[in-house]
Each structure stands twice: as C-alpha cells, then as structure tokens.
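Remember, it's 1-based here, ligands and their atoms both numbered in the order they're listed. When a residue number appears, it is its place in the shown sequence, counting from 1.
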Amino acid sequence: MKRTPHLLAIQSHVVFGHAGNSAAVFPMQRVGVNVWPLNTVQFSNHTQYGQWAGEVLAPQQIPALVEGIAAIGELGNCDAVLSGYLGSAAQGRAILTGVARIKAINPKALYLCDPVMGHPEKGCIVPQEVSDFLLDEAVAMADFLCPNQLELDSFAGRKPQSLFDCLAMAKALLARGPKAVLVKHLDYPGKLPDGFEMLLVTADGSWHLRRPLLAFPRQPVGVGDLTSGLFLARVLLGDSLLAAFEFTAAAVHEVLLETQACASYELELVRAQDRIAHPRVRFEATPIGL
Ligand SMILES: Nc1ncnc2c1ncn2[C@@H]1O[C@H](COP(=O)(O)OP(=O)(O)O)[C@@H](O)[C@H]1O
Ligand SMILES: Cc1ncc(COP(=O)(O)O)c(C=O)c1O
Ligand SMILES: [Mg+2]
C-alpha cells in the first residue's frame with residue numbers, strides 16, 4: 001500500500017472563514033495528505049475585513065513544536081514543509097531553522113514558500129519586516145516558490161512589460177535557489193481581460209495556463225493559499241510538477257465556481273470538497289519559452 005505523505009503547514013489560522021491554514025488544510029487532507037498544521041497567527045478572520053481580533057503567536061513556538069515532534073520520533077516522517085502568511089520575521093527565521101532540521105533527518109523533504117507579502121490596497125496586511133525576510137532570506141532555502149504577480153515584482157524589483165517578461169522574471173528566481181516557481185496570478189500589459197493566468201517555471205521547462213476569470217462583487221481571499229497547498233499536496237502524492245500545476249488550476253477553479261454559485265465571499269471549501277478531489281474541468285498548460 002502506498003504511504004500517505006505528511007506535510008507540515010506553517011501559516012495563519014482564522015477562526016471564521018478561510019485564509020492560510022484555514023484555506024489549505026482541509027483541501028490538502030481531502031486530496032489525501034496527512035497535514036500537520038502549525039499556526040503563525042490566530043485571528044478572528046482574515047485581514048481583508050479591515051478589522052480582526054487575535055494575535056501573532058510567539059516565534060519560539062515553532063522550534064518548540066518541531067522539537068516536540070522530533071521527541072516522539074516522528075520528525076523524519078515529514079515529507080514537506082509549506083510556509084505562508086507570517087506574523088513576524090522572527091517566525092520566518094524559525095521556519096528556516098525547522099526546514100534545515102527536517103532536511104537533516106529526511107534529505108528528500110521539500111520546502112514550499114508562498115511569499116505572502118501583503119497588498120495594502122486589497123487589505124492584505126503583512127508587516128514590512130516579513131516582506132524583507134521573504135525577499136532576502138527565504139528564497140534561498142525554498143525548493144518551490146509560489147509568488148503572485150505583486151510578489152514576483154518585488155523579487156524582480158520591477159513590473160513586467162509582457163508575458164515573456166514575467167517568464168524572464170520567474171526564471172531569474174531559479175538562479176536564487178528554488179527548483180520551481182509557480183506564479184499564481186499573472187498581470188502584465190496586454191493580458192486578455194477574460195482570463196486568469198498562471199506560470200510554472202522549472203529547470204526542465206516552463207508552462208503557461210489560462211482559465212476563465214470569474215466575476216465576483218468582492219474578490220475572495222485565500223485563493224493563493226489554496227493554490228500553493230494543493231500544488232504541494234499533489235507533488236507529494238506523486239504528480240509531476242506539470243500534472244500538479246494543471247490539477248491545482250482545475251481544483252481551484254471548481255472552488256471558485258462553487259463560491260460564485262453560492263454568492264459567498266468566503267471560499268466554499270466544504271461544499272466543493274468532491275470537486276476538489278475530482279475536478280470536472282481540465283485546463284491544459286502550454287509550453288512557453290524565451
Ligand atoms: N478564476 C478567477 N476568477 C476571478 N478571480 C480569481 C480567479 N482566480 C483567482 N481569483 C482572484 O484573484 C486574486 C489573486 O490574488 P493575488 O493577490 O494575485 O494572489 P493571492 O491569492 O496569492 O493573494 C484573488 O483575489 C482571487 O480571489
Ligand atoms: C490572515 C491571512 N492569511 C493569509 C492571507 C493570504 O490570502 P491569499 O491566499 O488571498 O493570498 C491573508 C490575506 O489577506 C490573511 O489575511
Ligand atoms: Mg497570497
């Protein structure tokens with residue numbers, strides 16, 4: 001029997017609604033991965049409501065919890081670490097130490113960094129020191145990096161002029177450490193208005209994927225967290241990077257269709273659970289080169 005993969009997921013928890021681990025844990029479990037959720041913050045709700053209660057958890061919790069898992073002899077079973085929304089740069093550094101600790105026991109373990117940097121206009125609030133940490137320190141340790149366009153722009157220090165420019169910006173990141181870069185949301189001059197586009201860039205090739213852009217009165221949050229979580233889960237389940245990319249696009253689209261049909265602001269993950277596991281839609285990524 002094939003072993004069920006184990007994934008340590010270090011990101012935000014919201015009590016109400018879906019962002020961070022509250023967006024990614026259930027879908028990753030639903031596709032067949034054992035998830036170890038470790039929360040960086042515990043907020044009442046995601047920050048795009050403009051107000052929230054709760055707190056950033058102490059960075060010492062991360063090594064303490066990792067050591068607790070080591071003490072029961074289970075740390076070597078960790079196949080991958082995912083990091084997302086962070087409450088402080090100190091938490092980020094504790095995660096990198098944890099990743100090094102896990103890789104020392106299990107050299108095959110993977111680290112996916114979703115560099116959540118915030119988006120003040122959208123209301124996604126992240127401390128500046130976290131963005132600096134992601135730009136300067138996290139990228140070198142990450143096997144996979146999953147920026148959105150704004151985050152890709154921050155890594156490149158500029159905005160793209162075209163799709164091929166986005167490709168060049170993502171490819172340049174491969175030289176800084178990651179084996180693959182998944183750009184979860186592209187935006188560039190000349191982009192067709194009716195599509196939602198993503199890129200996967202690896203040493204073996206690059207692919208572009210387009211799916212329909214759905215209309216929402218208010219953009220749902222947690223889509224990026226869902227995307228990076230499902231991508232890593234499918235890689236752990238044995239998919240190629242390309243297959244994981246295409247699966248993720250389809251499963252996320254199914255969630256958005258369900259969310260749109262319910263006229264909901266929060267992602268309808270529970271209602272969409274069968275569609276996540278077995279997407280009915282399929283999007284083919286096309287090879288793209290410079
Ligand atoms: N198919 C789609 N149609 C419409 N909006 C989408 C679709 N897929 C994703 N979105 C929205 O696109 C935005 C992507 O946000 P962005 O900031 O680029 O990435 P992230 O989700 O990582 O923060 C989100 O607001 C999400 O709700
Ligand atoms: C607490 C929290 N976690 C995570 C996120 C990231 O969400 P997304 O997947 O939309 O990037 C946000 C965005 O506002 C947030 O407030
Ligand atoms: Mg994001």
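Residue, atom and distance of the protein heavy atom nearest to atom 20 (P) of ligand 1 are N148 ND2, 3.7 Å. For atom 6 (C) of ligand 2, the closest heavy atom belonging to the protein is D225 OD2, 3.3 Å. Atom 15 (O) of ligand 1 has K122 NZ, 3.4 Å as its closest protein atom, hydrogens excluded (heavy atom only). Atom 9 (C) of ligand 1 has its closest protein heavy atom at F196 CE1, 3.1 Å. Looking only at protein heavy atoms, the nearest one to atom 11 (C) of ligand 1 is Q219 OE1, 3.0 Å. Protein heavy atom closest to atom 1 (N) of ligand 1, with residue, atom name and distance, is P212 O, 2.9 Å. Shortest contact from atom 4 (C) of ligand 1 to any protein heavy atom: L214 O, 3.0 Å. The nearest protein atom to atom 13 (C) of ligand 1, hydrogens excluded, is given as H185 ND1, 4.0 Å; this is a heavy-atom distance. Atom 14 (O) of ligand 2 has Q48 NE2, 3.0 Å as its closest protein atom, hydrogens excluded (heavy atom only). Atom 13 (C) of ligand 2 has its closest protein heavy atom at C124 SG, 3.1 Å. Of all protein heavy atoms, the one closest to atom 21 (O) of ligand 1 is G224 N, 2.9 Å.
Two residues are said to be in side-chain contact when any heavy atoms from C-beta on lie closer than 4.5 Å; R211 and V281 fail this criterion. With a 4.5 Å cut-off on side-chain heavy atoms, T202 and L200 count as touching. Under the 4.5 Å side-chain criterion, counting only non-hydrogen atoms from C-beta, I276 is in contact with V255. Between L163 and I288 there is a side-chain heavy-atom pair separated by less than 4.5 Å. M117 places none of its side-chain heavy atoms less than 4.5 Å from the side chain of L150. Put simply, the side chain of C166 reaches to within 4.5 Å of the side chain of L199, judged on heavy atoms. The shortest side-chain heavy-atom distance between D165 and Y188 does not fall under the 4.5 Å cut-off. In this structure, V116 and D225 have side chains that are in contact, with non-hydrogen atoms separated by less than 4.5 Å.
Closest heavy-atom contact between L82 and G229: CD1-CA, 3.6 Å. The two residues N148 and V183 come nearest to each other via the heavy atoms C-CG1, 4.3 Å. Annotation for I10 and I62: closest pair CG2-CD1, 4.3 Å, computed over non-hydrogen atoms.
If you look at A215 next to ligand 1, there are no close heavy atoms at all, none under 4.0 Å. With a 4.0 Å cut-off on non-hydrogen atoms, R211 touches ligand 1 through its side chain and not its backbone. At a heavy-atom distance under 4.0 Å, atoms from both the backbone and the side chain of L213 approach ligand 1. Neither the backbone nor the side chain of T227 comes within contact range of ligand 2; no heavy atom lies under 4.0 Å.
If you number the atoms of ligand 1 from 1 as listed, the ones under 4.0 Å from a heavy atom of K184 come out as 22 (O). Which parts of ligand 1 touch L256 is read off a 4.0 Å heavy-atom cut-off, strictly below it: atoms 1 (N), 2 (C), 7 (C), 8 (N), 9 (C). Counting atoms of ligand 2 from 1 in the listed order, those under 4.0 Å from a heavy atom of A19 are 2 (C), 3 (N), 4 (C). Here is the list of ligand 2 atoms found below 4.0 Å of a heavy atom in V221: 7 (O), 10 (O), 13 (C), 14 (O). Each of the atoms 14 (O), 16 (O) of ligand 2 lies under 4.0 Å from some heavy atom of T47.
At least one N or O atom of G222, backbone or side chain, sits closer than 3.5 Å to an N or O atom of ligand 2. Where the criterion is an N or O separation shorter than 3.5 Å, residue side chain and backbone included, P220 meets it with respect to ligand 1. At a 3.5 angstrom cut-off on N or O pairs, E151 does not count as close to ligand 1. Some N or O of S12 is nearer than 3.5 Å to an N or O of ligand 2, by distance alone. Where the criterion is an N or O separation shorter than 3.5 Å, residue side chain and backbone included, G224 meets it with respect to ligand 2. Taking any N or O of H46, backbone or side chain, none lies under 3.5 Å from an N or O belonging to ligand 2.
The number of heavy-atom neighbours closer than 6.0 Å to CZ of R158, taken from other residues, nucleotides and ligands shown, is above 12.
Residues H46 and F43 keep their aromatic ring centres 6.0 Å or farther apart.
Considering E254, H253, E268 in turn, E254 is the only one that fulfils the side-chain hydrogen bond (donor to acceptor under 3.5 Å, both in side chains) rule with R275. Checked options Y49, F216, F16; the residue passing with Y265 is Y49 (criterion: ring-ring contact (aromatic ring centres under 6.0 Å, His included)).
Within the structure, the closest approach of C146 to ligand 1 does not fall below 4.0 Å when heavy atoms are considered.
The cationic group of R234 lies under 6.0 Å from the six-membered ring centre of F247 and within 45° of the ring axis, placing it in a cation-pi geometry.
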